[in-house]
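All remarks here apply to the structure that follows.
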Amino acid sequence: MNLNELQALYDFSDRTILVTGGAGVLGSEIACALVGLNANVVILDRDQQLAQQVIEQFPKVVKGRAARVYGDVLNVESLQQANEIIKTEFGTMDILINAAGGNHPSATTKPDLSFFDLPLDALRHVNDLNLLGTILPCQVFGRGMAERGEGVILNISSMNAFRPLTRIPAYSAAKAAINNFTQWLAVHMAQNYSPKIRVNAIAPGFFITKQNRFLLTDQDSGELTPRGQSVIAHTPMGRFGTPEDLLGATMWLISPASAFVTGAVIPIDGGFSAFGGV
Ligand SMILES: NC(=O)c1ccc[n+]([C@@H]2O[C@H](COP(=O)([O-])OP(=O)(O)OC[C@H]3O[C@@H](n4cnc5c(N)ncnc54)[C@H](OP(=O)(O)O)[C@@H]3O)[C@@H](O)[C@H]2O)c1
């Protein structure tokens, strides 16, 4: 859905929304759309220069405000500092979108790097970034939601969570854990704090971005690799996703339109996860 179509359906005026990894490819697309839907949007990322460049691309005539804040999703102290800054600037933070995450080439098997030799620090980094990098922001920013008795959290899972893809064991395991954690936190928040706190996830299929370009396309020719061809062959809609493809489901999950939905993980994958391959 493009912004014009979304504007007919959603309006996040007076809502403050934090997007971790908001300077990244998918996070920035979501943040940009939220600005166009009148939200106050705060981008949390480590690279503040990039975050500023992203903000400069946002639509200009909007009701809300866009801001950036430094934060490392694996450093609790930096998240707490970010939380204080957001409280001072915006008051409450209503919605948290955990978009920081990703795979890394060093945790990916290759002809000259077998599973048995994947380095511990690479495995730990990918596991921590995706799993703890989601849990820690939920702890720091979810506390205020628990105190107020309302809020929405949206995590970003992946196709790997349902059925692991070859070559990327740590990423697959961490995303599977995100599905489990999403369900766990949804139940925990509803039972212990408020049924008005909802926790869901989206599971994107294949979107060519900086973290998977090296797997899906040939660096020199730009042609699809055999893996990229296989993805297309197993995607009934016959194409990769574009960041815009995430917007409709994202806005639905963070808006009151999904008020009775919690603990759900929604595939956005052109049918990849539904297809048995025959
Ligand atoms: N692209 C896909 O096809 C796809 C498919 C399924 C799921 N996903 C998931 O979607 C999410 C966004 O992916 P993307 O493709 O947009 O990746 P991306 O462009 O790499 O964006 C991720 C952002 O998170 C930031 N980040 C990394 N580590 C961080 C940390 N410790 N603290 C704060 N920020 C940090 C990155 O900054 P740096 O550049 O500084 O590291 C980057 O700005 C990820 O969870 C990814 O796993 C992607």
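As the structure lists them, so they are numbered: ligands from 1, and atoms in each ligand from 1.
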Next item on the list: Quick one: look at Thr209 and ligand 1, take heavy-atom pairs under 4.0 Å, and tell me if it's side chain, backbone, both or neither.
Entry: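 Side chain only; the backbone of Thr209 stays clear of ligand 1.
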
Next item on the list: Take the angle between the ring planes of His234 and Phe275 and call it parallel below 30°, perpendicular above 60°, tilted in between.
Entry: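 His234 vs Phe275 ring planes: tilted.
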
Next item on the list: Apply side-chain contact (heavy atoms from CB on, under 4.5 Å) to Glu29 and Val25, showing your working.
Entry: CA-CA 7 Å; Glu29 180 81 14; Val25 177; over 6 Å; no

Could you tell me whether [X] atom [atom1] has more than 12 heavy atoms of other residues or ligands within 6.0 Å of it?
X: Gln49; atom1: CD; result: no
X: Asp14; atom1: CG; result: no
X: Arg124; atom1: CZ; result: no

Among all protein heavy atoms, pick out the one at the shortest distance from [atom]; state its residue, atom name and that distance to 0.1 Å.
atom: atom 20 (O) of ligand 1; answer: Lys210 CE, 3.3 Å
atom: atom 37 (O) of ligand 1; answer: Asp45 OD1, 3.2 Å
atom: atom 27 (C) of ligand 1; answer: Arg46 NH2, 3.6 Å
atom: atom 9 (C) of ligand 1; answer: Ile156 CG2, 3.6 Å
atom: atom 32 (N) of ligand 1; answer: Val73 N, 2.9 Å
atom: atom 17 (O) of ligand 1; answer: Gln211 NE2, 2.8 Å
atom: atom 46 (C) of ligand 1; answer: Tyr171 OH, 3.5 Å
atom: atom 22 (C) of ligand 1; answer: Gly101 O, 3.8 Å

Answer with yes or no whether [X] contacts ligand 1, where contact means a heavy atom under 4.0 Å from a ligand atom.
X: Lys175; result: yes
X: Gly133; result: no
X: Asp47; result: no
X: Phe240; result: no

Enumerate the atoms of ligand 1 whose separation from the nearest heavy atom of [X] is less than 4.0 angstrom.
X: Leu129; answer: 28 (N), 29 (C), 31 (N)
X: Asp72; answer: 30 (C), 31 (N), 32 (N)
X: Gly205; answer: 3 (O), 5 (C), 6 (C)
X: Ala99; answer: 11 (C), 12 (C), 44 (C), 45 (O)
X: Ser157; answer: 6 (C), 7 (C)
X: Asn212; answer: 1 (N), 2 (C), 3 (O)
X: Phe207; answer: 1 (N), 2 (C), 3 (O)
X: Ala23; answer: 43 (O)

Please indicate whether any nitrogen or oxygen in [X] is less than 3.5 Å from any nitrogen or oxygen in ligand 1.
X: Gly24; answer: yes
X: Val25; answer: yes
X: Leu26; answer: yes
X: Ile208; answer: no

Note to self: Check whether Lys175 reaches the backbone of Ala203 with its side chain - one donor and one acceptor, N or O, closer than 3.5 Å.
What the structure shows: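 Not at all, since once roles are kept as given, no pair shorter than 3.5 Å links the two residues.
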
Next item on the list: Without swapping roles, check the side chain of Thr225 against the backbone of Leu216 for a donor-acceptor pair under 3.5 Å.
Entry: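 Checked: pair present.
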
Check: Are Met145 and Leu96 close enough that some pair of their side-chain heavy atoms sits under 4.5 Å apart?
Finding: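 A side-chain contact exists here, since the closest heavy-atom pair is under 4.5 Å.
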
Item checked: Test side-chain contact (heavy atoms from CB on, under 4.5 Å) applied to Leu224 and Phe240, step by step -> CA-CA 11 Å; Leu224 290 181; Phe240 293 112; 3.5 Å; yes

Item checked: Exercise: do Asn155 and Thr134 side chains pair donor with acceptor under 3.5 Å ->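 On atom types as modelled, these side chains do not qualify, holding no pair under 3.5 Å.
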
Check: Side chains of Arg46 and Ser78: is there a donor and an acceptor less than 3.5 Å apart?
Finding: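 No, Ser78 and Arg46 have no side-chain donor paired with an acceptor closer than 3.5 Å.
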
Notebook entry, point to check: Mind checking what makes side-chain contact (heavy atoms from CB on, under 4.5 Å) contact with Pro169, not counting sequence neighbours?
Noted result: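 side-chain contact (heavy atoms from CB on, under 4.5 Å) list for Pro169, sorted by chain: Phe115, Leu118.
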
Next item on the list: Starting from the C-alpha separation in whole Å, work towards a yes-or-no answer on side-chain contact (heavy atoms from CB on, under 4.5 Å) for Met189 and Thr262.
Entry: CA-CA 10 Å; Met189 287 295 207; Thr262 197; over 6 Å; no

Margin query: Before you tell me yes or no, could you show the steps for Leu247 and Glu5 under side-chain contact (heavy atoms from CB on, under 4.5 Å), namely the whole-Å CA-CA distance, both residues' side-chain angles and the distance that decides it to 0.1 Å?
Written below: CA-CA 10 Å; Leu247 298 180; Glu5 292 164 328; over 6 Å; no

Checklist line | Residues which pass ring pair (Phe, Tyr, Trp, His ring centres under 6.0 Å) with His188, listed by chain and number, not counting sequence neighbours | finding: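 By the ring pair (Phe, Tyr, Trp, His ring centres under 6.0 Å) rule, His188 matches Trp184, Tyr193.
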
